[in-house]
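Here's the structure we're looking at; comments come further down.
Residue numbers start from 1 in every chain, and the chains themselves are labelled A, B, ... in the order their sequence lines are given, proteins ahead of strands.
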Amino acid sequence: MNVGNLAHPAEEVAPKLLGAVLTHEAPEGAVSITITETEAYSGTADPASHAYRGRTPRNAVMFGPAGRLYVYRSHGLHWCANIVTGTDGIASAVLVRAGRVVEGEDLARKRRGEKVETPRLARGPGNFCQALGITAEHNGTDLLTGASVVLSEGEPVPAELIRAGPRVGVSRAHDWQHRFYLADDPTVSAYRLSPRAKPSAGA
DNA sequence: ATCACGATCTTT
DNA sequence: AAGATCGTGATG
């Protein structure tokens, strides 16, 4: 995976990240997860993006160069990870929503809980981070220069398997078709309309 | 007060 | 099956 592939708007990069692999080398072992579901957040033009209201300490990484990891805490208990895309100075990122564990399944299960079924180990953005062992300390990590968390190219995904749909769980601009996932894949999270979702204009 | 979540509960 | 509830804490 090179920077050139990521140096485009999030909605363009998001479908191309399906099939890519995130690997975390932790002291207790390595876990690799193939991405099966993503969501694009377009920055200041996107009402659902953390960057909509401009740069803040939390979202600063989104404004930086492509290929870094933006990690934030969600609802107090979960971590969520984004892959920053686009141009340095312009906010744009792809939320990693789900994936298939392809290495270190034992460790992933240890982190998630012994009775979790295999397809659910990294199903949902919070679960994905827990399985991979991602926390705030990884915020800002450069995924392309061999740090502890690395993004690599995986098996190519057939274009006909890629689906697009409305985003999950967001209360604003939820109907933007910015969620991308693999058809009929058990590791993809279930679609859930936010209880607070309001109709909105947009693509 | 809000929230890019997830597990669990209640109601059809 | 679908919808409501709640835990949890950073954020602005």
Under 3.5 Å: donor-acceptor pair, side chain of T141(A), backbone of H138(A): yes

Output yes when at least one side-chain N/O atom of [X] is less than 4.0 Å from OP1 or OP2 of [N], else no.
{"X": "S74(A)", "N": "dC3(B)", "result": "no"}
{"X": "R97(A)", "N": "dC5(B)", "result": "yes"}
{"X": "S171(A)", "N": "dC3(B)", "result": "yes"}

Whole angstroms only, please: what is the [atom1]-[atom2] distance between [X] and [N]?
{"X": "K115(A)", "N": "dA7(B)", "atom1": "NZ", "atom2": "C1'", "value": "10 Å"}
{"X": "R111(A)", "N": "dG6(B)", "atom1": "CZ", "atom2": "P", "value": "17 Å"}
{"X": "R53(A)", "N": "dC3(B)", "atom1": "CZ", "atom2": "C1'", "value": "12 Å"}
{"X": "F180(A)", "N": "dA4(B)", "atom1": "CZ", "atom2": "C1'", "value": "15 Å"}

Is the ring of H78(A) stacked on the base of dC5(B), with centres less than 5.5 Å apart and planes under 30° off? no

Closest contact, heavy atoms only, E103(A) versus S32(A):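 The answer is OE1-OG, 2.6 Å.
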
Among dG6(B), dT11(C), dA4(B), the one nearest N82(A) by side-chain distance: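 The closest nucleotide is dA4(B).
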
Check every atom of dG7(C), dC3(B), dT11(C) against the side chain of L77(A) and return the nucleotide holding the closest atom.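 So the side chain of L77(A) is nearest to dG7(C).
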
I'd like to know if Y72(A) reaches the base of dA10(C) with its side chain such that a donor and an acceptor end up less than 3.5 angstrom apart. no

Measure the acute angle between the ring planes of H178(A) and W176(A), then classify it against the limits of 30° and 60° as parallel, tilted or perpendicular. perpendicular

